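Computed from a prediction, not measured in an experiment: that's the story for all the values here. Quick note: numbers below take in every heavy atom, side chains included, and nothing from hydrogens, waters or symmetry partners.
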Amino acid sequence: MSHPHPRLRAASIAALACSALSAPALALAAPPQLPPAQPGSFAGTCEDLPARLGGLANTVITASTTVPAGTLSQGGQPIAEHCRVTGRMNERVSPVDGKTYAIGFEMRLPKAWNGRFYHQGNGGIDGSVVTALGALGGGPLTGALKQGFAVLSSDAGHTLAQGGPAFGLDPQARKDYGYAAVGALTPMAKQLIAAAYERAPDRSYFGGCSNGGRHTLVAAARYAQEYDGFLAGAPGYRLPLAALANIWGAQRYATVATGDPATPAGLETAYTAAERTLVANAVLARCDALDGAVDGLVQDTKACQKAFKLKRDVPTCTGARDGSCLTDTQKSVVDGIFKGATTSAGAAFYNSFPYDSGVGGSGTAFWEFTAPLNLDSGAVGVIFKVPPSIAALTNGPAFSLGLGIDQALSELQATDATYTESAMSFMTPGDSDFGDVYRRGGKIMVYHGVSDPIFSVDDTVDWYRHLLANSKGKRSDFARLYRVPGMGHCSGGPATDQADFLSPLVAWVEQGQAPQAIVAQARGTGNPGGVNADVPASWSPSRTRPLCPFPQVARYNGSGDVEQAANWSCQAPSAPTTKTARR
């Protein structure tokens with residue numbers, strides 16, 4: 001999306017689309033500066049809060065209790081006293097599967113309130129009310145609740161106990177999962193806040209990672225007037241296509257697996273942990289020095305894709321596979337998966353994945369070999385397809401390995417008399433240009449691990465490029481994208497994955513301080529947020545790096561401790577490298 005620098009007189013926005021990328025730009029006036037939130041105090045007690053609500057439409061409050069200070073902690077620090085309110089909304093019996101559905105939720109309301117509301121988007125297929133901490137990233141040291149926000153978490157309208165993805169048989173449960181639960185929960189949460197503090201929140205934020213990142217961008221598209229800031233991590237904004245692409249990849253791995261491809265362990269024989277480490281090391285050999293320091297991280301992702309070639313840079317097996325080589329067939333399969341999923345006619349339907357230092361990370365195996373057989377099968381087969389397939393519930397591996405990709409692709413966009421909204425409608429931001437976010441002074445921050453094996457960072461980069469299509473190279477006034485080198489899905493990988501994105505977002509929304517470099521830390525031995533096992537022993541356990549706003553990349557300045565972010569600068573990706581440092 002195109003946005004003006006404040007000094008410019010006019011601006012234009014290019015439409016964002018998931019599949020069509022050429023909508024006309026819209027002229028926009030400069031947005032207002034939103035005033036900062038003001039703190040407030042809790043009125044009465046947690047226990048008498050339900051009596052003070054005056055009734056909430058279609059809502060049952062099941063409990064409202066005091067949570068003493070220190071009951072919860074984050075980064076080794078106690079979270080202050082707060083109220084925990086639980087309940088459910090819109091309870092009903094499905095006319096399709098006969099099950100009882102409701103939108104379950106919890107809300108945590110600090111006694112010392114900062115005047116803000118945070119809607120926590122959760123991951124996977126939802127189905128459980130995750131503790132409302134509002135924390136993101138690897139081993140987070142802080143989060144929304146710890147900072148004094150009132151935080152909401154929900155199950156998005158179904159429970160995993162009802163059969164996991166089987167909720168996809170109910171059309172309304174599909175919509176609730178996609179977007180409608182947010183539409184119902186938001187006004188209820190604000191009414192609850194008003195009862196607790198005797199006024200509405202001054203500023204409202206929405207955030208999450210993975211499916212929670214998707215929730216965030218969908219909320220920005222559908223409910224822009226309800227929120228001021230959006231924090232999307234690894235946003236699977238085209239989640240149905242990403243899930244189908246993962247199944248497509250599993251089908252290709254199955255052709256070179258030496259074990260039973262219908263089991264995760266058997267499918268992994270197509271591309272073992274030793275072989276993935278081999279590829280990661282080959283990537284580093286070609287790309288590590290491109291940022292001026294040989295330090296186990298690749299900062300210049302774009303340059304690396306030109307420098308590294310799998311078929312050339314990884315030894316080809318002349319005998320048995322022993323982890324020191326890949327066969328020609330393996331190379332074709334792996335490289336094809338990195339290039340992106342296609343139809344039988346060769347048309348791309350999901351994006352490429354970049355080669356990066358984290359391709360051998362410990363989390364890769366789950367997403368590459370377990371998820372397509374046991375998770376994506378149910379999501380694609382039951383939640384997304386029209387009509388849904390019961391076979392996906394009875395034998396996920398057989399469903400995935402035998403799935404016709406072309407037909408499934410059409411079924412993700414299909415509707416019928418029962419399922420009147422397609423997955424590509426209820427799960428995605430659609431053709432939104434996010435103009436409503438811009439016009440009200442709202443801001444969007446997105447971060448994504450470069451080594452994410454399930455949602456492609458290339459896909460998010462394309463989303464951002466189209467968002468800025470008419471900017472002529474200028475930065476957006478309301479959206480920033482941060483890539484995290486080495487990081488896998490939401491956290492982990494050989495990366496500096498511990499960072500606070502929420503505080504910079506608040507400063508941007510409420511103070512007009514546009515975020516620049518954000519300092520992130522590795523989680524080595526002794527980290528209070530928890531140790532990341534993927535951090536190499538050769539790194540300082542507290543290594544820091546600047547995370548740079550796209551398209552900038554971090555480059556070593558040429559002198560000083562290479563482990564410290566202060567000795568790195570965010571520069572244009574084409575900037576020349578300085579003297580190379582080696583760890």
Side-chain angles (χ1 to χ4, degrees), residues 123 135-141 207-213 231-236 242 276-277 279-280 283-284 287-288 291 295-302 304-305 338 351-368 371 445-461 464 480-502 504 517-524 527 529-536 539-554 563 565 568 570:
L136 295 171
L141 300 180
C209 196
S210 188
N211 177 56
L231 178 54
R276 298 192 299 275
T277 299
V279 173
V283 170
L284 284 171
C287 303
D288 196 349
D291 54 28
D295 63 343
L297 277 175
V298 177
Q299 299 290 345
D300 198 333
T301 301
K302 182 178 179 180
C304 183
Q305 306 321 297
F338 271 85
N351 224 313
S352 56
F353 289 78
Y355 286 104
D356 185 51
S357 59
V359 296
S362 61
T364 300
F366 173 82
W367 293 109
E368 295 278 293
M445 285 181 65
V446 178
Y447 67 93
H448 202 142
V450 178
S451 291
D452 190 328
I454 181 67
F455 297 149
S456 167
V457 71
D458 287 349
D459 208 41
T460 298
V461 166
Y464 191 67
R480 292 280 192 278
L481 167 62
Y482 291 82
R483 294 175 297 178
V484 187
M487 190 173 83
H489 186 57
C490 291
S491 63
T496 54
D497 68 341
Q498 189 177 64
D500 175 13
F501 287 96
L502 181 56
I518 293 174
V519 175
Q521 181 171 312
R523 293 183 289 124
N527 189 282
V531 173
N532 172 13
D534 288 328
V535 171
W539 293 14
S540 163
S542 57
R543 166 182 285 192
T544 55
R545 285 290 181 273
L547 302 180
C548 300
F550 182 86
Q552 294 180 342
V553 298
E563 298 290 347
W568 293 72
C570 291

Mind checking what makes side chain to side chain contact (heavy atoms under 4.5 Å, CB included) contact with Asn211, not counting sequence neighbours? Asp126, Tyr177, Arg214, His215, Leu239, Met427
If the condition is side chain to side chain contact (heavy atoms under 4.5 Å, CB included), which residues does Pro551 pass it with, not counting sequence neighbours? Pro573
Not counting sequence neighbours, which residues clear salt bridge (charged side-chain N to carboxylate O under 4.0 Å, His left out) with Asp459? List them please. Arg238
Go through the structure and list residues passing side-chain hydrogen bond (donor to acceptor under 3.5 Å, both in side chains) with Thr277, not counting sequence neighbours. none
Show the numbers, then the answer: is there a side chain to side chain contact (heavy atoms under 4.5 Å, CB included) between Asp291 and Trp568? CA-CA 10 Å; Asp291 54 28; Trp568 293 72; 4.0 Å; yes
Within this structure, what is the CG-CG distance for the pair Asn527 and Leu141, rounded to the nearest 0.5 Å? 6.0 Å
Residues passing the ring-ring contact (aromatic ring centres under 6.0 Å, His included) test with His448, sequence neighbours excluded, are none
Partners of Thr544 by side-chain hydrogen bond (donor to acceptor under 3.5 Å, both in side chains), sequence neighbours excluded? none
Does Ser540 reach the main-chain N or O of Ser542 with its side chain, forming a donor-acceptor pair under 3.5 Å? yes
Report the C-alpha separation of Val461 and Phe550 in whole Å, then their side-chain angles, then the decisive distance to 0.1 Å, and conclude whether the side chain to side chain contact (heavy atoms under 4.5 Å, CB included) test is met. CA-CA 8 Å; Val461 166; Phe550 182 86; 3.6 Å; yes
Of Leu284, Asp534, Asn532, which meets side-chain contact (heavy atoms from CB on, under 4.5 Å) against Pro494? Asp534
Mind checking what makes side-chain hydrogen bond (donor to acceptor under 3.5 Å, both in side chains) contact with Gln521, not counting sequence neighbours? none
Interatomic spacing from CD1 in Ile518 to CZ in Arg480 - rounded to 0.5 Å: 10.0 Å
Looking only at atom types and distance, does a side-chain atom of Gln498 sit under 3.5 Å from a main-chain N or O of Arg523, one as donor and one as acceptor? no
Value rounded to 0.5 Å, distance of CG in Leu481 from SG in Cys548: 11.5 Å
Any chance you could measure Phe455, atom CZ, to His489, atom NE2, to the nearest 0.5 Å? 5.0 Å
Quick one: list whatever passes ring-ring contact (aromatic ring centres under 6.0 Å, His included) with Phe366, sequence neighbours left out. none
Please check this pair: side chain of Asp497 against backbone of Gly492, looking for a donor-acceptor N/O pair closer than 3.5 Å. yes
For the pair Phe338 and Tyr355, name the ring-plane relationship: parallel under 30°, tilted 30 to 60°, perpendicular over 60°. parallel
Give me each pair satisfying salt bridge (charged side-chain N to carboxylate O under 4.0 Å, His left out) with a member in residues 354-365, each pair once, sequence neighbours excluded. none
What's the spacing between Gln552 CD and Arg483 CZ if we round to 0.5 Å? 10.5 Å
Sorted by chain and number, sequence neighbours left out, side-chain hydrogen bond (donor to acceptor under 3.5 Å, both in side chains) with Tyr447 holds for none
By side chain to side chain contact (heavy atoms under 4.5 Å, CB included), Ala520 pairs with (sequence neighbours left out) Thr496, Ala499, Leu547
Only counting residues at least two apart or in another chain, list the ones meeting salt bridge (charged side-chain N to carboxylate O under 4.0 Å, His left out) with Arg545. Asp295
